[in-house]
Amino acid sequence: MIELKIDNQTVEANEGETVLQAALRSGIEIPHFCYHPCLSVAGNCRICLVKVDGRPKLVPSCNLPVAPGMTVETDTEDVRAARRAVMQFITLNHPGDCGICDKAGECRLQDYHVRYGEEESHSREPKHHRPKFSDLSPRIVLDNERCLLCSRCVRFTREVSGSHQLGIVERGSHARVERLEGRPFDDPYSDNVIGLCPTGALLSRDFLYKSRVWYLEPVRSVCTGCARCCSVNVWRRQREWHVRALGAELNRAAYRVTPFENPAINGPWLCNKGFDLHRRMARKRALTPLIGGREATAEEAVQEAKRLFAAAGNPAVLAFAPASNEELAAFRDGLGRRVQVYTREDYHTEPGEVAEDDFLIRGDKNPASYSIRALFGNRPYAPAARHDLVVIWGERVDYHALGGAKLIHLASFEPAGETAADLLIPVSTTFERSGTFTNFEGKVNRFEKVFDKPAQVLHAGDLFGRLVP
Amino acid sequence: MKKEYWNKPALGLRERLYLLEVIRGLCITGGVFLGNMWKWLTFRKGALTAYYPEEIRSDYSPANRGRHVLTRRENGGVQCVSCNMCATVCPAYAIEILSAADFDDPCHPKSPERFEIDYSRCIFCGFCVEACPEDAIRMVKEVPDFPGFDRDAMWAGRDLLMNWRPTGDPAKQYPAASPSPVEVQP
Ligand code: SF4
Ligand code: SF4
Ligand code: SF4
Ligand code: SF4
Ligand code: FES
């Protein structure tokens, strides 16, 4: 433990920490652009300058190791003057187009400009222009004018994702971020640089101009893309910003998905599949119960399921991939002991998708397989058992492979095949309920309800107790 | 304690007798009524009433702020850059904007695909005009003129807002617009 003084406050720091880290940990705000706790120290933006007793010049605190007895001041007049000057330089060629910038509202540059900058630029020269709105990749729009060359995105591809696909080329006011050697930026973790960028230089193509960020609010959820079960924030419209003329479906839309920082599982990162979670959830839903292809109410559907169960001699259930622990427990208690349970993996690696790597992406694409295996073992469907009723709780099942049994399908999304099940009961998605998943390492991760479920959709967890007499 | 008001009326005997004053008031109302009635019977216009919505009065004060106008660029396109400042500042949550991107026009990459103002909610405070960094929205003295049985019918969309022609604001050129409704001198 090293003791030092920051702004007349005695702060304890660990050996090897920097002054900036020690200050942030004890709640002293020092502005920083290029420093990021998960990346190496670059020390290039100079907004973090502080005054250290006994040194003639101001020192960047992100690159300054703590030393015993050090006295640091972060808010003297000369530090403030230096910050104002640094902001002048950083915004020298900045277009100042916050009005049309998706980052506005959560932009570090904008916040610091208000807090530490000056109203007017001192420069009388015309602004130097750089390429605007180019496609860094099909997923990311790059606006070089807004970039302040902090190199966070570059360091991310070198130190975290390891793809080495970005770099800064040229010098001075011509310097700009670019893909190296003209290769595509197809890093499977590329979208992380959008949140990492302290300004609006890197923007999501999918979220582009969809909404101002202050209309939205995050809800903690879990990505169901693989067995890692990363924590995500799902952004929905705030209640008071619900729209009326533009269509009520916007009020039920997930606008974007960003990482929820969870050090135990995913840290502050996600893979691109996680950033696309809301797109996968926007597939065509199963919304109305169907009895033999005929539309029915949820109540009729439950009655019909009861009837089928009463008539069945040898029922079986195929267990589902994105079922939460709570649903699986309800299933085990309500139905699981009376029927034969088979397990199944609904999702497999899609073409073009990274199968597995040593960072986040797991080869098993099913979020609940750990819990399903713990409860029911690994038991693939055996047609030889001659079941006369099969409950399919999941997706992508080939009805013909089930040997002509009567079928009850609990589905969140519209089933693909052309034949209809004898009974289709729509069930809620993870966005419409709360619960937990257990990931492949046995770590439990919680998700909250983002939207209310549609009227005729049932929670699978409530259903099982009602199916058997 | 009984509250004392600064404008407490001083009541004389007449006023305190009450009935006399009531009769005097009725005489004033009745006189106006009969006068108007006489004009009406002799085929002249009576009280200063516009028969809304068939008639719209034209003598709003020049300071009145009744209706929004979306200004245009030289090429006739909408000036608005869809920054949502107006929608954000609006205390009545009356403005809804759907944005579109067009990177082929680097001077105007973001614009409103839809721009809706709910006149059943607008309180005509003018904050949206003050908040706009682009002089893209203004208010003019005319009123929105949206009689209807349903508040859903009181939305003004982008094209309507762009084509409403102000009568007294020479600072910026507006393109000619579709004919405005009949204005009636009361
Ligand atoms: S990057 Fe930040 S400061 Fe720059 S235009 Fe966007 S919001 Fe404004
Ligand atoms: S694009 Fe963003 S993260 Fe990358 S160097 Fe520029 S400002 Fe930094
Ligand atoms: S005048 Fe006031 S209430 Fe009406 S739209 Fe503008 S900001 Fe909203
Ligand atoms: S404030 Fe002005 S430019 Fe911005 S959205 Fe409203 S009308 Fe358009
Ligand atoms: S944060 Fe220290 S120089 Fe950028």
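Residue numbers start from 1 in every chain, and the chains themselves are labelled A, B, ... in the order their sequence lines are given, proteins ahead of strands. Every heavy atom of this structure was used, including side-chain atoms; hydrogens, water molecules and symmetry mates were not.
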State, to 0.1 Å, how close B/Cys83 and A/Gly99 come at their nearest heavy-atom pair, and which atoms those are. CB-O, 3.0 Å

Do other residues, nucleotides or ligands put more than 12 heavy atoms under 6.0 Å from [X] [atom1]?
{"X": "B/Phe103", "atom1": "CZ", "answer": "yes"}
{"X": "B/Phe124", "atom1": "CZ", "answer": "yes"}
{"X": "A/Glu120", "atom1": "CD", "answer": "no"}

What pairs with A/Ser221 under side chain to side chain donor-acceptor pair (under 3.5 Å), at least two apart in sequence or on another chain?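 Side chain to side chain donor-acceptor pair (under 3.5 Å) check on A/Ser221 returns nothing, list empty.
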
Under 3.5 Å, which donor-acceptor pairs link chain A to chain B? Give each pair on its own line with the distance.
from: A/Arg212; atom 1: NH1; to: B/Cys83; atom 2: O; distance (Å): 2.8
from: A/Trp214; atom 1: NE1; to: B/Thr88; atom 2: OG1; distance (Å): 2.9
from: A/Tyr215; atom 1: OH; to: B/Asn84; atom 2: OD1; distance (Å): 2.9
from: A/Tyr215; atom 1: OH; to: B/Thr88; atom 2: OG1; distance (Å): 3.3
from: A/Arg244; atom 1: N; to: B/Glu96; atom 2: OE1; distance (Å): 3.1
from: A/Arg244; atom 1: N; to: B/Glu96; atom 2: OE2; distance (Å): 2.7
from: A/Arg244; atom 1: NH1; to: B/Asp118; atom 2: OD2; distance (Å): 2.8
from: A/Arg244; atom 1: NH2; to: B/Tyr93; atom 2: O; distance (Å): 2.7
from: A/Ala245; atom 1: N; to: B/Glu96; atom 2: OE1; distance (Å): 2.8
from: A/Ala245; atom 1: O; to: B/Arg114; atom 2: NH2; distance (Å): 3.2
from: A/Leu246; atom 1: N; to: B/Glu96; atom 2: OE1; distance (Å): 3.2

Applying side-chain contact (heavy atoms from CB on, under 4.5 Å), can you list everything that pairs with A/Leu287, at least two apart in sequence or on another chain? A/Arg285, A/Pro454, A/Val457

Checking A/Asn272 now: which residues fulfil side-chain contact (heavy atoms from CB on, under 4.5 Å) with it, not counting sequence neighbours?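 A/Arg139, A/Ser190, A/Asp191, A/Phe275.
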
Which bit of A/Leu208 is near chain B, if near means a heavy-atom gap under 4.5 Å: side chain, backbone, both or neither? side chain

Does any backbone or side-chain atom of B/Ala87 lie under 4.5 Å from a heavy atom of chain A? Answer side chain, backbone, both or neither. both

Measure the spacing between CG of B/Leu98 and CG of A/Leu250 and express it to the nearest 0.5 Å. 6.5 Å

Could you check which of A/Val243, A/Val141, A/Leu246, A/Ile100 has the highest count of heavy-atom pairs closer than 4.5 Å to chain B?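 Looking at each option in turn, the highest pair count goes to A/Leu246.
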
Do B/Pro106 and A/Phe133 come within less than 4.5 Å of each other through their side chains, counting heavy atoms only? no

